[in-house]
Amino acid sequence: MKHTNEELALILDSAAENAKATAQISNSQAITIEDAYAIQATSIAQRYKRGEKLVGLKLGFTSKAKMEQMGVHDMIWGRLTDDMQYQNGDDLPKSKFIHPRAEPEIAFLIKEDITKELTLETAPNFIEGIAGAIEIIDSRYENFKFSLEDVVADNCSSTGFVIGDWLSPNTNLSDLKIELKVNGETVQEGSSNAILGNPWESVIAAARLSLQYNEPLKKGMILLAGAATSAVFVQVGQTVEAKIEGLGNIKLDVK
Ligand code: OOG
Ligand code: MG
């Protein structure tokens, strides 16, 4: 059966709210990338109606590791709300999610509203802080499988994130060792350079996309640059930790 974009948005929102997987849209109907971003916006509007606030944006598929793991080869962006944020060391209640995965991230804190495209030279002027982070992704689709359009419509699997201590925007981001640990054991390893060659390129890309899609990156908002490594499924009883050279450790206990 074919659905309207509005109907698809409501299906995805309710899959997220009830932690119950839904069928991939692309299994039954073709949508364009424009449809997918419109569905994402309508679906997130349901969260706003429930009182959630937009606190940031995220990029996806900025590294080869992620593109290869998920079989999707274009950069995507999604929205982060206050309800998705956890504090470092928090418990992560697995029952709120369908099949959550964790991935190590680098986060930027926006210092000034970004109203124009940026370059490697100008981007630092718009950044207040840099931090290590973990993103929890939870595709609303069965078996965590999707096309590019499917995942964009599903707000790029966004479901949770936790940010470490904010450090100076002058903090070195070049070739930092990034590890994801489960119960103290390293399960994924990569370099910050895996993120578009330089994580600052994510700030530039996010500025461009936010202007293109008219979702401004404003002072105080968070940007997740996209994972440098593949994501791992998390299970109850695990401690999941991101260790990012120079940016510290970020941890969640899956309960
Ligand atoms: C989509 C989200 C991708 C990243 O950091 O690349 C993403 C997914 O893998 O489910 O957040
Ligand atoms: Mg991510």
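Start at 1 and go down the list; that is how both ligands and their atoms are numbered. All residue numbers in this chain count up from 1 along the given sequence. Computed over heavy atoms, backbone and side chain alike; hydrogens, waters and symmetry mates excluded.
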Point to revise | Heavy-atom nearest neighbour in the protein, as seen from atom 6 (O) of ligand 1, with distance rounded to 0.1 Å | key: F61 N, 2.8 Å

Review point. Are the side chains of S158 and K58 in touch, meaning some heavy atoms are under 4.5 Å apart?
Key: yes

**Study point:** NZ (K111) with more than 12 external heavy atoms under 6.0 Å
**Key:** yes

Revision key, fill the gap. Under 4.0 Å from one or more heavy atoms of G226, ligand 1 contributes atoms 5 (O)

Exercise for review: Number the atoms of ligand 1 from 1 as they appear, then name those within less than 4.0 Å of a heavy atom of I137, with their elements.
Suggested key: 8 (C), 9 (O), 10 (O), 11 (O)

Check your understanding: For the ring pair Y37 and Y213, is the centre-to-centre distance below 6.0 Å?
Key -> yes

Exercise for review: Count the heavy atoms belonging to other residues, nucleotides or ligands that lie under 6.0 Å from CG of D165, then report whether that count exceeds 12.
Suggested key: no

Exercise for review: Please could you name the atoms of ligand 1 that K58 approaches to less than 4.0 Å, counting only its heavy atoms?
Suggested key: 2 (C), 7 (C), 11 (O)

Exercise for review: Please say whether M70 places an N or O atom under 3.5 Å from an N or O atom belonging to ligand 1.
Suggested key: no

Review point. Hey, does L252 have a side-chain heavy atom less than 4.5 Å from the side chain of T239?
Key: no

Check your understanding: Quick one: which ligand 1 atoms are inside 4.0 Å of a heavy atom on F146?
Key -> 8 (C), 10 (O)

Study note, to complete from the structure: Atoms of ligand 1 under 4.0 Å from any heavy atom of G60, numbered from 1 in the order shown, are 3 (C), 4 (C), 6 (O), 7 (C)

Study note, to complete from the structure: A student checking ligand 1 against E135 at a 4.0 Å heavy-atom cut-off should list atoms 11 (O)

Point to revise | Which residue and heavy atom of the protein sit nearest atom 9 (O) of ligand 1, plus the separation | key: K66 NZ, 2.8 Å

Check your understanding: OG of S43 to CG of N5: how many Å apart, nearest 0.5 Å?
Key -> 11.5 Å

Exercise for review: Would you mind checking which non-hydrogen protein atom is closest to atom 4 (C) of ligand 1, with the distance to 0.1 Å?
Suggested key: E103 OE2, 3.3 Å

Practice item. Check E103 and report its N/O/S atom nearest to the Mg ion (ligand 2), by atom name. Key: OE2

Review point. Can a salt bridge be assigned to the pair E17 and R50 using a cut-off of 4.0 Å between side-chain N and carboxylate O?
Key: yes

Check your understanding: When you measure from atom 10 (O) of ligand 1 to every protein heavy atom, which one gives the shortest distance, and what is it?
Key -> S157 OG, 2.7 Å

Review point. Do ligand 1 and E105 have nitrogen or oxygen atoms that lie under 3.5 Å from each other?
Key: yes

Practice item. Determine whether any heavy atom of L59 lies closer than 4.0 Å to an atom of ligand 1. Key: yes

Study note, to complete from the structure: ligand 1 atoms nearer than 4.0 angstrom to some heavy atom of F144 are 10 (O)

Check your understanding: So, E52 and R47, do they make that salt bridge, N to O below 4.0 Å?
Key -> yes

Point to revise | Pair K53 + D82, salt bridge at N-O below 4.0 Å | key: no

Check your understanding: Judged by modelled atom types alone, do T42 and E6 share a side-chain donor-acceptor pair under 3.5 Å?
Key -> no

Check your understanding: F108 and L224: side chain to side chain contact (heavy atoms under 4.5 Å, CB included), yes or no, with the steps?
Key -> CA-CA 7 Å; F108 293 90; L224 292 181; over 6 Å; no

Practice item. Would you mind running through ligand 1 and noting each atom that sits below 4.0 Å from a heavy atom of V151? Key: 1 (C)

**Study point:** Protein heavy atom at shortest distance from atom 2 (C) of ligand 1
**Key:** C156 O, 3.2 Å

Check your understanding: At the Mg ion (ligand 2), what is the angle formed between atom OE2 of E105 and atom OE1 of E135, rounded to the nearest 10°?
Key -> 100°

